[in-house]
2 protein chains.
Amino acid sequence: MAADTRQHLLKEGMAMLLRHGYHDLGIAALLEATKTPKGSFYHHFQSKEDFGLQAIDAYMAEVHAGLDHCLGDESMPPLKRVRHFFELTEEKYRTEGYLGCLLGGLGQELSGVSEVFRRKVEECFSAIERRVAACLREAIHRGELAPGTDPDGMAQLLINCWEGAALRTRLRQNPAPLREMLDFYFRSAAP
Amino acid sequence: MAADTRQHLLKEGMAMLLRHGYHDLGIAALLEATKTPKGSFYHHFQSKEDFGLQAIDAYMAEVHAGLDHCLGDESMPPLKRVRHFFELTEEKYRTEGYLGCLLGGLGQELSGVSEVFRRKVEECFSAIERRVAACLREAIHRGELAPGTDPDGMAQLLINCWEGAALRTRLRQNPAPLREMLDFYFRSAAP
DNA sequence: AGAATTAGACCGACCGGTCTATTCTGCTTT
DNA sequence: AAAGCAGAATAGACCGGTCGGTCTAATTCT
């Protein structure tokens with residue numbers, strides 16, 4: 001039951017952080033939503049900040065699972081795997097009501113005010129990037145991308161533009177910005 | 001002296017909102033920073049929300065001034081004008097300590113929780129976009145871009161990717177993401 | 001039994017916002 | 001030009017509510 005409560009808090013916490021952001025999410029509201037007493041919360045997490053950081057970890061576990069699933073799919077050419085990952089992510093955003101990406105949300109809200117969160121979020125983006133870059137490297141090797149292409153730069157570019165499009169998707173409540181961004185990127189990268 | 005206090009609050013408010021975001025910015029902190037008594041604040045603004053919305057207006061006045069300056073510069077070809085605007089914006093970010101864009105920050109933090117802010121920020125992006133699109137249209141007319149190019153789509157793409165790169169610049173405290181994004185965009189758009 | 005977990009009353013600090021009093025400021029009237 | 005006055009602006013004490021966090025006691029596991 002112990003780990004259960006923790007997981008339950010993290011799961012609901014991710015969803016509430018996505019909608020409300022960090023500072024607008026009150027502990028009391030989270031406890032109300034999960035029917036958890038305060039004692040439990042502070043038994044499992046040492047502070048709100050600790051909770052936020054662990055929620056990011058939980059989010060990243062999902063992201064890495066998606067990457068495992070897509071980038072490891074050898075039945076597709078590497079470039080297609082990358083695109084597939086983002087298309088699945090778009091689908092995930094849709095089911096959540098177009099609230100965008102937790103990393104982008106918390107990164108924007110907290111990076112000016114908390115060095116801890118700033119570094120954490122940056123490290124998460126960088127981890128995703130490394131995996132995408134590896135797949136891009138394979139694409140170059142297979143001739144899907146021009147030999148001179150910089151896989152690290154192109155991976156970072158993709159992640160960054162994706163985040164911008166995700167914000168816009170959130171503002172417009174519409175997936176078009178994500179789709180148009182992917183179209184442009186893959187059309188330009190692999191003509 | 002009246003409009004003076006208001007402007008002073010808005011100017012300092014923009015800077016503090018950029019760093020702290022909305023919910024982490026307390027009225028008391030703003031009043032302390034500007035040596036303003038509370039009575040003045042609530043004389044000039046009806047609420048914190050009203051203040052936030054007016055701070056966005058003040059920010060947009062600066063953006064439009066930058067657009068006037070760059071996009072109206074007939075000594076440059078249209079495509080160069082657009083790029084010049086973003087390069088100046090990057091320079092502005094640098095002087096502020098790489099805190100990124102206020103629209104991106106408030107958009108991410110508030111769009112899940114306030115329909116008013118969501119619409120406001122979206123309308124601001126859309127306004128910038130219209131002006132960029134007009135300049136792109138001129139670029140097409142002058143043969144700088146392929147005749148079939150969609151100026152509105154390309155303008156939105158540029159704004160969106162810019163915002164993503166701005167977030168990353170904030171996270172890394174480094175302008176490289178912005179530069180690499182512009183390079184990719186203009187290289188791909190006008191080969 | 002003893003450790004892990006749940007339970008929730010309680011705390012001081014701070015939040016956005018209100019209220020009344022005072023001080024400026026510019027216009028009207030003479 | 002001086003006096004008087006009304007509205008704008010400043011000043012800050014004050015308010016109820018909510019914040020993150022603590023503490024002790026009860027309960028549930030192994």
Side-chain angles (χ1 to χ4, degrees), chain A residues 1-58 105-106 109-118 120, chain B residues 1-58 105-106 109-110 112-117 120:
Chain A
M1 207 50 113
D4 225 37
T5 302
R6 213 185 86 95
Q7 288 306 315
H8 188 200
L9 283 168
L10 285 173
K11 189 175 174 184
E12 183 66 32
M14 271 193 283
M16 293 185 81
L17 283 171
L18 194 58
R19 175 173 301 277
H20 291 271
Y22 184 81
H23 286 111
D24 190 51
L25 173 60
I27 307 283
L30 173 65
L31 299 181
E32 165 64 25
T34 53
K35 301 296 171 198
T36 309
K38 212 159 207 180
S40 297
F41 180 89
Y42 281 96
H43 174 75
H44 292 288
F45 307 99
Q46 41 170 290
S47 65
K48 186 186 182 183
E49 177 180 89
D50 177 42
F51 173 76
L53 292 169
Q54 290 199 42
I56 293 178
D57 286 334
L106 295 183
E109 182 181 356
L110 299 175
S111 63
V113 98
S114 161
E115 201 68 4
V116 174
F117 274 98
R118 203 202 94 228
K120 177 79 176 182
Chain B
M1 206 50 114
D4 224 37
T5 301
R6 213 185 86 96
Q7 287 307 314
H8 188 202
L9 283 167
L10 285 173
K11 189 176 175 184
E12 185 66 33
M14 272 192 281
M16 293 183 83
L17 283 171
L18 194 57
R19 175 173 302 275
H20 291 271
Y22 184 80
H23 286 111
D24 189 51
L25 173 59
I27 306 282
L30 173 65
L31 300 181
E32 165 64 26
T34 52
K35 301 296 173 197
T36 309
K38 211 160 208 179
S40 296
F41 181 89
Y42 282 97
H43 174 74
H44 293 287
F45 306 99
Q46 41 171 289
S47 66
K48 188 187 181 184
E49 177 179 270
D50 177 42
F51 173 74
L53 292 169
Q54 290 199 41
I56 293 178
D57 286 334
L106 295 183
E109 181 181 357
L110 299 175
V113 97
S114 161
E115 200 69 2
V116 175
F117 274 98
K120 176 80 178 183

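What you see is a predicted model; the values in this text were computed from it and never measured. Values below: every heavy atom of this structure, side chains too, minus hydrogens, waters and symmetry copies.
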Query raised in the report: OP1 or OP2 of C:dT6 less than 4.0 angstrom from a side-chain nitrogen or oxygen of A:T5, does that happen here?
Result: yes
Query raised in the report: Under 4.0 Å between a side-chain N/O of B:H43 and OP1 or OP2 of D:dA9, yes or no?
Result: yes
Can you measure [X] atom [atom1] to [N] atom [atom2] for me and round it to whole angstrom units?
X     : N      : atom1 : atom2 : value
A:D50 : D:dG21 : CG    : C1'   : 13 Å
B:D24 : D:dC19 : CG    : P     : 15 Å
B:D4  : D:dA8  : CG    : P     : 18 Å
A:F45 : C:dT6  : CZ    : P     : 11 Å
B:R6  : D:dA8  : CZ    : P     : 15 Å
A:L31 : C:dA9  : CG    : C1'   : 14 Å
B:H8  : D:dA9  : NE2   : P     : 17 Å
A:K35 : C:dG8  : NZ    : P     : 11 Å

Is any side-chain heavy atom of [X] closer than 4.5 Å to a side-chain heavy atom of [Y]?
X     : Y     : result
B:Q7  : B:K11 : no
A:F51 : A:L10 : yes
A:Y22 : B:H23 : no

**Report entry** Contacts of type salt bridge (Lys or Arg N to Asp or Glu O under 4.0 Å), residue B:E115, not counting sequence neighbours
**Finding:** B:R118, B:R119
**Report entry** Residues that A:T34 engages under side-chain hydrogen bond (donor to acceptor under 3.5 Å, both in side chains), provided they are two or more places apart
**Finding:** A:T36
Query raised in the report: Can B:F45 and B:L9 be said to form a side chain to side chain contact (heavy atoms under 4.5 Å, CB included), step by step?
Result: CA-CA 10 Å; B:F45 306 99; B:L9 283 167; 3.8 Å; yes
Query raised in the report: Using a cut-off of 4.0 Å between protein heavy atoms and nucleotide atoms, how would you tag nucleotides 13-19 of chain C 5' to 3' with B, S and -?
Result: ---BBB-
